[in-house]
> 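If you scroll down you'll find the structure; I have some questions about it.
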Amino acid sequence: MKEFIISTQIQFFSLDELSAEDRQLVEEARQMTRTSYSPYSHFQVGAALRLADGRLFRGSNQENAAFPTGLCAERTVFFAAQANAPEVAPVAIAIAAYTNGAFTEKPVSPCGSCRQALLEAETRYHQPIRVLLYGTEGVYVIQSMKALLPLDFDGSELA
Ligand code: THU
């Protein structure tokens, strides 16, 4: 038997320790929680995505009475960016969540489907996407989506 360990490095910042650029992205994600349509979960998620050329895209989770029809904030913003700027690599995404009258204390973390979707862009553009996860206790910064989804399915075995 052999064994190996895959580890993930997470940096934990206070808001004022972030660069101005990162702080802006987090602030955009916080603002975008207000545009969430989440009458079923009451969990308002905002996301902001920075492209390599500096452009920002913004999104929030959008729910539906037929629950699986809804979409997370991360894929909402990511797909919008891909559709509008397919030639430009995404380089950073910030996520925030607001529920029960407050932002979450713990940084909110993207679901597996969003990790899968965003990770494919890292492969496609050969550029890591930095991930900024906001909570009132601080901001987790992860240097790539791959770090959040090791042993991913990358489609390389598809015919
Ligand atoms: N949600 C997101 O938008 N992003 C996440 O990272 C976690 C979950 C949404 C999906 C659904 O609208 C609500 O939050 C509750 O799961």
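Quick caveat: nothing in here was measured; it's all calculated off a predicted structure. Just follow the structure's listing: the first ligand is 1, and inside any ligand the first atom is 1. This chain uses plain numbering: 1 for the first residue, then up along the sequence.
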> Suppose I only count heavy atoms of Phe43 and a 4.0 Å limit; which atoms of ligand 1 are within that range?
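Answer, ordered by atom number: 14 (O).
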> Is it the side chain (CB and beyond), the backbone, both or neither of Glu74 that lies under 4.0 Å from ligand 1, heavy atoms counted?
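Within the 4.0 Å criterion, Glu74 contacts ligand 1 through side-chain atoms alone.
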> As an exercise, state the distance from CE of Met145 to CG of Leu119, rounded to the nearest 0.5 Å.
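Here the interatomic distance stands at 8.0 Å.
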> Check if Pro110 has a non-hydrogen atom at a distance under 4.0 Å from any atom of ligand 1.
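Yes, that is the case, since the closest heavy atom of the residue is under 4.0 Å from the ligand.
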> Going by the closest heavy atom to atom 11 (C) of ligand 1, which one wins out of Glu63, Gln62, Arg75?
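Going through Glu63, Gln62, Arg75 one by one, Glu63 has the nearest heavy atom to atom 11 (C) of ligand 1.
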> Between atom CZ of Arg50 and atom CG of Asp22, what is the distance when rounded to the nearest 0.5 Å?
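Separation between the atoms: 7.0 Å.
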> For atom 16 (O) of ligand 1, is the nearest protein heavy atom under 4.0 Å away?
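No.
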> Examine ligand 1 and decide if any of its atoms is less than 4.0 Å from a heavy atom belonging to Ser109.
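Flag set, Ser109 near ligand 1.
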> Are the side chains of Asn61 and Leu71 in touch, meaning some heavy atoms are under 4.5 Å apart?
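The answer is no; the side chains never approach within 4.5 Å.
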> For atom 3 (O) of ligand 1, what's the nearest protein heavy-atom neighbour? Residue, atom name and distance, please.
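That would be Ala73 N, 2.9 Å.
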> Within this structure, what is the CD1-CD1 distance for the pair Ile10 and Ile142, rounded to the nearest 0.5 Å?
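So the gap between those two atoms works out to 5.0 Å.
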> Does ligand 1 have a heavy atom under 4.0 Å from the side chain of Cys72, from its backbone, from both, or from neither?
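For Cys72, the contact with ligand 1 is made by both the backbone and the side chain.
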> Which ligand 1 atoms are under 4.0 Å away from a heavy-atom of Ser41?
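Heavy-atom distances to Ser41 below 4.0 Å select 13 (C), 15 (C).
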> Evaluate side chain to side chain donor-acceptor pair (under 3.5 Å) for Ser60 paired with Ser36, printing each intermediate quantity in order.
CA-CA 5 Å; Ser60 57; Ser36 162; 5.4 Å; no
> Is any side-chain heavy atom of Val26 less than 4.5 Å from a side-chain heavy atom of Leu18?
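Result yes, sub-4.5 Å side-chain heavy-atom pair found.
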> What residue and atom, counting heavy atoms only, is the protein's closest point to atom 9 (C) of ligand 1, and at what distance?
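Checking every protein heavy atom, the shortest distance to atom 9 (C) of ligand 1 gives Asn61 ND2, 3.5 Å.
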> Using the rule given for side chain to side chain donor-acceptor pair (under 3.5 Å), can you reason through Thr76 versus Arg58, listing the C-alpha separation, both sets of side-chain angles and the distance that settles it, and then say yes or no?
CA-CA 8 Å; Thr76 302; Arg58 297 158 185 82; over 6 Å; no
